[in-house]
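Scroll down for the structure; my scribbles are underneath it.
Computed from heavy atoms alone, side chains included, the values below leave out hydrogens, waters and symmetry copies.
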Amino acid sequence: KEIQGKLREIRKVILETVPEAAEKISYKMPYYGYHGRLIYFAFWKEHIAIYAMNYDVIEEFKKELAPYLAEKGTIKIPLDQEVPIGLIKKILRAQAKVNKEKN
C-alpha cells in the first residue's frame with residue numbers, strides 16, 4: 001500500500017504539472033504524452049523507475065539527478081526513499097518544453 005501511494009503521488013504530480021498530458025498505457029506501464037513522449041513510470045522489486053527523459057533534460061538536471069540516474073535516461077527511486085516531487089516537477093516542465101519546441 002505504501003508503494004501504491006507513491007505511484008499515485010507521481011501520477012498526481014504529472015497531471016498537475018502538465019495537465020494537458022494524455023494518460024495511456026504503453027509497454028504495460030503508465031505513459032503520459034505531451035507533444036510526444038513525456039514520461040513513463042513503473043514499480044519494480046527494489047525501486048520505482050521513471051523513463052523516456054530527453055538527454056538535454058538529463059544534462060540540465062545532472063547534479064540533482066545523480067543519486068537516481070541509471071542507464072539510458074532512467075531514474076531509479078529506491079523504495080525506501082521519499083519520491084523527489086520537486087525534482088520530478090522540474091523534469092516534467094523541462095521535458096514538456098522540449099517536446100513542445102520540437103513539435
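Listed by chain and number, the residues in a side chain to side chain donor-acceptor pair (under 3.5 Å) with Arg11 are Glu23 (sequence neighbours excluded).
Two residues are said to be in side-chain contact when any heavy atoms from C-beta on lie closer than 4.5 Å; Tyr68 and Thr74 fail this criterion. Side-chain contact between Phe41 and Tyr51 is absent, with no heavy-atom pair separated by less than 4.5 Å. Between Ile58 and Ile75, every side-chain heavy-atom pair lies at or beyond the 4.5 Å cut-off. Counting heavy atoms from C-beta outward, Glu64 and Lys90 have side chains that approach closer than 4.5 Å.
Gln95 and Val57 get closest at one heavy-atom pair: OE1-CG2, 3.6 Å. Between Tyr31 and Gly36, the closest heavy-atom pair is OH-O, 3.7 Å. Nearest approach of Lys45 to Leu79, heavy atoms of both residues: O-CD1, 3.2 Å. The shortest non-hydrogen separation linking Ala94 to Glu60 is CB-OE1, 4.0 Å. Heavy atoms only, all atoms of each residue included: Ile77 and Pro84 are closest at CD1-CD, 3.8 Å. Scanning all heavy atoms of the two residues, the minimum distance from Val18 to Ala96 falls at CG2-CB, 4.1 Å.
The same ILVMFWY cluster, assembled from side-chain heavy atoms under 4.5 Å apart, contains both Tyr40 and Trp44. Ile25 is not connected to Tyr32 by any chain of hydrophobic side-chain contacts under 4.5 Å among Ile, Leu, Val, Met, Phe, Trp and Tyr, and they are in different clusters.
Using a 4.0 Å cut-off between charged nitrogen and carboxylate oxygen, Glu46 and Lys76 do not count as a salt-bridge pair.
Around the NZ atom of Lys6, the shell of radius 6.0 Å holds more than 12 heavy atoms that belong to other residues, nucleotides or ligands.
Of the possible polar contacts, one joining the Thr17 side chain to the Val13 backbone as a donor-acceptor pair under 3.5 Å is found. Using a distance-only test at 3.5 Å, with no hydrogens or angles considered, no donor-acceptor pair links the side chain of Asn54 to the main chain of Val98.
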